[in-house]
Every structure is written in C-alpha cells, then in structure tokens.
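Following: one structure in structure tokens, then a few remarks.
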Protein chains: 2
Amino acid sequence: METRELRYFVAVAEEAHFGRAADRLGMSQPPLSRAIAQLERRLGVELLVRTPRGVTLTVAGRTLLSEGRAALAAVAAAERRTRRRAGTPHDSVVLTAKAGASSELMVKLLDAYATEPDAAEVEVVLSPPGHQAPMLRDGRADVAVLHRPFDDLSGFDITPLTTESQVLIVPAGHPLSTRVAMSVEEATSIPDLPLPRWPHLDGTYPEGPGPELHDLTQVLQLVRLGRTAVVLPESVQANLRDGLAVVRLLDAPQVTTVLAWPPHSTSGGVAGLVRTAERL
Amino acid sequence: METRELRYFVAVAEEAHFGRAADRLGMSQPPLSRAIAQLERRLGVELLVRTPRGVTLTVAGRTLLSEGRAALAAVAAAERRTRRRAGTPHDSVVLTAKAGASSELMVKLLDAYATEPDAAEVEVVLSPPGHQAPMLRDGRADVAVLHRPFDDLSGFDITPLTTESQVLIVPAGHPLSTRVAMSVEEATSIPDLPLPRWPHLDGTYPEGPGPELHDLTQVLQLVRLGRTAVVLPESVQANLRDGLAVVRLLDAPQVTTVLAWPPHSTSGGVAGLVRTAERL
DNA sequence: AGGCCCGATACCGCAGGGGTATCGGTGCTG
DNA sequence: CAGCACCGATACCCCTGCGGTATCGGGCCT
C-alpha cells in the first residue's frame with residue numbers, strides 16, 4: 001500500500017464524498033474513484049458503500065481509516081524528524097507543553113537537564129491545550145509534557161513527573177464556597193454554575209449550557225464573576241487570587257503530569273531529558 | 001514520501017550496499033540509486049555517504065532508518081488489520097503469547113473473558129520468544145502477552161497482569177545449590193556453568209561461552225546435566241522436576257507480565273479483553 | 001417526467017519508474 | 001605499477017499507470 005493511496009482513502013472516508021475529497025486533494029474526481037477502486041481490488045476488501053448521496057464506511061473501512069491515519073502520521077513524523085535532524089548538526093530537542101502549564105515543574109526539569117554533561121539544546125514550544133500529543137505523533141516535537149487522563153497517551157513512552165488531585169473552584173461568596181469537600185457528581189450539577197465548555201482540537205465546542213472558554217485566566221475571571229465553576233488540578237491554587245474559593249473533590253480522578261516521547265526515539269537529547277526527569 | 005521510497009531506503013540502509021539492496025528488492029541497481037537520490041533531493045537532506053566500498057548512514061539517515069521502519073510497520077499493520085477485519089464479519093481478536101509461557105495465567109484470562117456478554121472470538125497464536133511485539137506492530141496480532149523488561153513495549157498500550165522475581169536454576173548437586181540467595185553478578189560468573197545464549201529475532205546467536213538454546217525444557221535438561229545454569233522468572237518453579245535447585249536472586253529486575261495492544265485499536269474485542277485483564 | 005447530484009467509465013497524454021549498457025573512481029593484487 | 005574487480009552514477013529507452021476532460025448511468029426530489 002502506498003501512502004498516496006492511504007491519503008486518498010482517508011480523504012474520501014473523512015469527507016464521505018468523492019467530489020469533496022478530490023477537491024481537498026487538489027485533483028479531479030475520476031482518478032480518485034479509480035484509485036480507491038484499485039485499492040479495494042488490491043486489498044481484496046470492500047472499504048466503502050457507494051450510495052447515491054455519497055459513501056459510507058464498511059467495518060473494514062473504519063479499521064483502515066483509524067489505522068491509516070496512524071500510519072500516515074508515522075510517515076509524516078519520519079519525514080519531519082529526518083529534516084530536523086539534518087538541519088541541526090548538534091543534538092537538539094523540541095519539547096512541547098501546554099501554554100500556561102505548571103511552569104515551575106518545567107523550569108526544574110530544564111534546569112536539571114541543562115547541568116548534565118553534553119546536554120542537548122532544548123527548544124520549548126508552547127501550544128494550545130490538546131495539541132501536544134498530535135505534535136509528538138507527527139514529528140513536530142520530540143518530547144511533550146502531557147496530562148493523564150486528559151491527553152491520549154496511546155503509542156507513547158512515558159515517565160511520570162507528578163500526580164495531583166483535582167479541586168473545584170467557585171466564586172468566593174457562593175453558598176458552596178464554605179464546603180470543604182464534595183463529590184464530582186455534585187460539582188457538575190450546580191444549578192446556577194454550569195461548568196465551562198472547552199474547545200475540541202478543531203476549535204469547535206461541545207454542546208451544553210456552560211460558557212465557551214479556552215484560557216485559564218479567562219475562566220478564573222468568569223468564576224469570580226459568579227458565572228461558572230470549574231474543576232482543575234490542585235496546582236492552580238498557586239495562581240489564585242481573591243474572590244475564589246477552593247473545594248476538594250473526593251472522587252475526581254488523579255491528574256498525572258507525564259513526560260512523553262515517541263517510541264523509536266534515536267535522539268540522545270530525549271534520552272537525557274528522560275533520565276533527568278526520572279531522577280526528579 | 002511514498003512507502004516505496006521508504007522501503008527502498010530501508011533496504012539500502014540495512015544492506016549498506018546498493019547492489020545487494022536492489023537484489024533484495026527484486027530490481028536492478030540503477031533505478032534504486034536514482035530513487036534514493038531523488039528522495040534525498042526532495043527531502044533536501046543527505047542520507048547516505050557513498051564510499052567506494054558501499055554506503056554509510058549520515059545522522060539524518062539513521063533517524064530515517066528507525067523512523068521509517070516504524071512507519072512501514074504501521075502501514076503494514078493497517079493493511080493486515082483491514083484484511084483481517086474484512087475476513088471475519090463477527091468481532092474476533094488474535095492474541096499472541098510466547099510458546100510455553102505461563103499458561104495458567106492465560107487460561108484464567110481467557111476463561112474470565114469468555115464469560116463476558118458478547119465476548120469476541122479469541123484466536124491464540126503461540127510464537128517463539130521475542131516475536132510477539134513485532135507481530136503486534138505489523139498487524140498480525142491484536143493483543144499480546146509480553147514480558148517487561150525483555151520485550152520492547154514502546155508504542156504499545158499496556159496493562160500489567162503479574163509481577164514476579166527471578167531465580168537462578170542450577171544442577172541439584174552443584175556447590176551453589178545449597179545457597180539461599182545470591183547477586184546477579186555472582187550468578188552470571190559461575191566458572192563452570194556459563195549461562196546459555198538465546199537466539200536473536202533473526203535466529204542468530206550472540207557470542208559467548210554458553211550453549212545455544214531456544215527451548216525451556218531443553219535448557220532445564222542441560223542444567224540437570226550440569227552443563228549450564230539459567231536465570232528465569234520464579235514461576236518456572238511450577239514446571240521443575242528433580243535434579244534442579246533454585247537460588248533466589250537478590251538484585252535481579254522484577255519481571256512484569258503485561259497485556260499489550262497497539263494504540264488506535266478499534267476492536268471491541270481488544271477493549272473487552274483489556275477490561276477483563278484489569279479486573280483480574 | 002425532468003433535472004439534479006454523485007460515482008463510474010472511456011479515452012488520452014505524459015510523467016516517471018524500471019530495464020540494459022556503460023562510465024568513472026577507488027583500492028586490492030599479481 | 002598496471003590491471004582488474006567492485007560499486008555507485010549516468011545515459012538512454014520503453015511502457016506502465018496516474019491524472020486530466022468528457023460522458024454515462026442511476027437514484028432522488030420536485
């Protein structure tokens with residue numbers, strides 16, 4: 001199977017429509033139809049059901065969609081990492097983390113690593129929440145600071161950095177602000193304080209009553225104004241100012257901050273960073 | 001980058017020789033040379049150093065070799081899994097384990113899973129030690145029973161099944177057979193009992209004094225005959241018969257038996273098996 | 001019934017992948 | 001030191017197969 005065929009198939013599967021897919025691929029529809037037909041013939045597998053209104057995926061097609069995406073990401077990663085490795089003759093590493101994430105932890109890690117003999121140059125790339133794992137998958141980054149259970153860690157090697165509980169942040173004057181602890185269920189169903197909605201990777205928001213937000217300070221501002229409440233790892237308490245109250249959550253999942261890197265990493269810099277992290 | 005180019009490059013990199021690589025790929029040398037040159041041009045990266053006696057890899061080349069192998073495995077996996085999924089309309093799972101591995105554990109797991117409502121059909125494939133991880137990587141299997149730290153778990157999602165210590169097995173009459181415990185260093189340097197050598201994935205053996213072996217019963221036989229000693233997980237004690245003595249190893253790494261599966265697994269069967277394993 | 005939307009088919013042109021023959025450079029060898 | 005063997009690059013040719021345009025065939029809605 002060639003990556004060209006995979007790209008074509010993924011496009012058609014995602015668009016559920018040959019015409020739009022061809023458009024997206026910058027080609028015309030007939031060769032695309034032919035390529036997919038040929039792929040099906042070569043695999044000996046029916047991937048799509050042609051309907052008069054577009055196409056649907058078969059079971060096999062769904063498998064190829066998810067596996068194919070992963071395979072394409074792996075190929076893209078190979079290409080990106082090769083290019084980057086060639087660009088910098090000395091060992092260098094791209095580390096990505098959530099913008100506004102626990103910076104004292106990263107400072108500690110980077111400082112400790114910098115003291116190592118022949119430490120590689122570490123370029124830190126801060127990106128919006130949820131973008132770290134994809135960057136690691138497609139080779140834009142070599143290491144990432146991720147958060148379990150929020151990020152999808154599948155396919156990465158990891159070493160834990162810290163673990164913490166989660167807390168509910170409510171406005172200072174709110175009736176619940178005097179509570180010491182509560183359950184997650186109770187926290188998610190406060191009548192007058194709907195939890196905010198965070199954007200998906202593509203920038204869209206889930207349905208629901210809460211406000212659409214994507215920024216920590218923005219959220220805390222809105223909590224202060226009595227418009228929402230929010231569940232966050234307890235380390236945010238370091239950034240809290242007046243007007244906010246913290247309630248422990250008894251049954252919220254622990255949040256683990258991990259250092260993650262792709263398998264088959266040949267970079268000595270990554271290895272050194274991991275070694276340093278494991279000693280912290 | 002097309003998989004064809006990757007296959008070509010990997011072949012040349014592994015053979016360190018255009019002619020042999022072309023041979024292995026079933027083509028002639030000139031188009032291969034051209035394809036690699038074109039790949040280098042398109043990447044804008046020098047991958048190989050041409051010498052009069054063959055080729056050497058550059059730093060970028062080494063990156064592309066390891067990343068490329070992973071990418072090719074991912075593509076192969078996509079193809080295999082798609083084919084298999086198409087073949088069996090009902091949900092089915094291929095589980096692979098080391099031939100002669102802890103069978104009571106697997107029986108427990110499979111029995112527990114079989115009682116689940118709408119459990120998928122599980123096909124168990126026993127294969128030689130060390131072959132499970134590659135099978136999982138290239139799509140011949142959906143789940144595997146692997147052993148840390150022996151198997152390379154990178155890139156898989158895992159859930160631990162059991163953890164055990166390792167012991168040294170010596171002939172019953174041997175002077176060391178009365179010892180209760182010892183260190184790994186001591187165990188690996190018994191003058192008259194060299195540890196056996198196990199085959200690599202390709203069937204070749206490492207250099208060394210010990211006998212070449214690949215089978216558990218064969219090893220135990222040879223220990224009984226006073227020709228070798230062997231370090232094994234303590235669970236082998238269940239299979240021991242007369243003529244063998246067991247010595248605890250104080251500082252040997254713990255062996256963890258894990259259930260591993262590839263990320264992006266869309267199979268409901270895999271998910272069910274994992275859930276069952278996590279409840280054990 | 002007519003027009004639409006969508007994928008399949010027919011046909012054509014050409015880029016590029018693969019083949020054979022040969023070259024150029026390097027290092028071993030008699 | 002000349003000759004040769006080895007190895008990758010180059011030159012040239014053929015033909016596969018990819019992509020393009022034009023058109024068809026069949027549901028579905030109006």
Side-chain angles (χ1 to χ4, degrees), chain A residues 1-62 64-65 68 71-72 75 79 86, chain B residues 1-62 64-65 68 71-72 75 79 86:
Chain A
M1 226 174 9
E2 291 304 311
T3 58
R4 184 182 55 86
E5 303 179 283
L6 268 181
R7 272 192 301 273
Y8 288 5
F9 173 75
V10 169
V12 173
E14 285 180 353
E15 301 286 346
H17 189 288
F18 275 85
R20 280 193 300 271
D23 213 26
R24 176 171 133 188
L25 292 166
M27 65 190 291
S28 59
Q29 170 259 318
L32 181 56
S33 279
R34 220 184 24 197
I36 300 289
Q38 181 174 320
L39 176 61
E40 288 180 303
R41 215 174 327 115
R42 281 209 261 252
L43 285 175
V45 169
E46 205 177 316
L47 298 170
L48 303 169
V49 181
R50 276 78 168 172
T51 74
R53 285 266 157 262
V55 295
T56 347
L57 290 177
T58 63
V59 187
R62 276 195 292 276
L64 187 58
L65 177 56
L72 286 176
V75 173
E79 186 165 341
Chain B
M1 226 173 10
E2 291 303 312
T3 59
R4 183 182 55 85
E5 303 177 283
L6 268 182
R7 273 193 300 273
Y8 288 5
F9 173 74
V10 169
V12 173
E14 286 179 352
E15 301 285 346
H17 190 288
F18 274 84
R20 280 194 300 272
D23 213 27
R24 175 171 133 188
L25 292 165
M27 65 191 289
S28 59
Q29 170 258 321
L32 182 55
S33 279
R34 219 183 25 193
I36 300 289
Q38 181 175 320
L39 175 62
E40 287 180 304
R41 213 174 329 114
R42 281 210 260 252
L43 284 174
V45 169
E46 205 176 317
L47 299 170
L48 302 169
V49 181
R50 276 79 168 171
T51 74
R53 284 267 156 263
V55 295
T56 349
L57 290 177
T58 63
V59 187
R62 275 195 292 278
L64 187 58
L65 177 56
L72 286 177
V75 173
E79 185 163 344

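First the proteins, then the strands, lettered A, B, ... as listed; each starts at 1.
A salt bridge is absent between B:Glu14 and B:Arg20: the closest approach of a Lys/Arg side-chain nitrogen to an acidic carboxylate oxygen does not fall below 4.0 angstrom.
The stretch residues 31-46 of chain B touches DNA chain C through B:Pro31, B:Arg34, B:Gln38, each having a heavy atom within less than 4.0 Å of the strand. Against DNA chain C, the stretch residues 2-16 of chain B makes heavy-atom approaches under 4.0 Å through B:Arg4, B:Tyr8.
Regarding contacts with the backbone of D:dG8, a side-chain N or O of B:His17 is found under 4.0 angstrom from either OP1 or OP2. Side-chain N/O atoms of A:Ser28 include none lying less than 4.0 angstrom from OP1 or OP2 on D:dG19.
The line from OG1 of B:Thr3 to CD of B:Glu79 is 9.0 Å long, rounded to the nearest 0.5 Å. Expressed to the nearest 0.5 Å, how far OH of A:Tyr8 lies from CG of A:Leu39 amounts to 12.0 Å. Separation of atoms CD (A:Gln29) and NE2 (A:His17) is listed at 9.0 Å; rounding is to 0.5 Å. We find the CG-OG1 distance between A:Leu48 and A:Thr58 to be 7.0 Å, quoted to the nearest 0.5 Å. Within the model, atoms CD of B:Glu2 and CD of A:Glu5 stand 8.5 Å from one another, a figure rounded to the nearest 0.5 Å. Summarising the geometry, atom CZ belonging to A:Phe9 is positioned 9.0 Å from atom CG belonging to A:Leu43; distances are rounded to the nearest 0.5 Å.
When side chains are defined from C-beta on, B:Leu57 does not count as touching B:Leu47, because their heavy atoms never get closer than 4.5 Å. Residues B:Arg7 and B:Val75 fail the side-chain proximity criterion, which asks for heavy atoms closer than 4.5 Å. Within the 4.5 Å cutoff, the side chain of A:Leu64 has heavy atoms near those of the A:Leu6 side chain.
Atom CG of B:Asp23 is separated from atom C1' of C:dG19 by 15 Å (rounded to the nearest Å). To the nearest angstrom, C1' of D:dG8 lies 8 Å from CZ of B:Arg50.
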Would you list the protein and nucleotides 23-30 of chain D atom pairs, both N or O, that sit under 3.5 Å from each other?
none

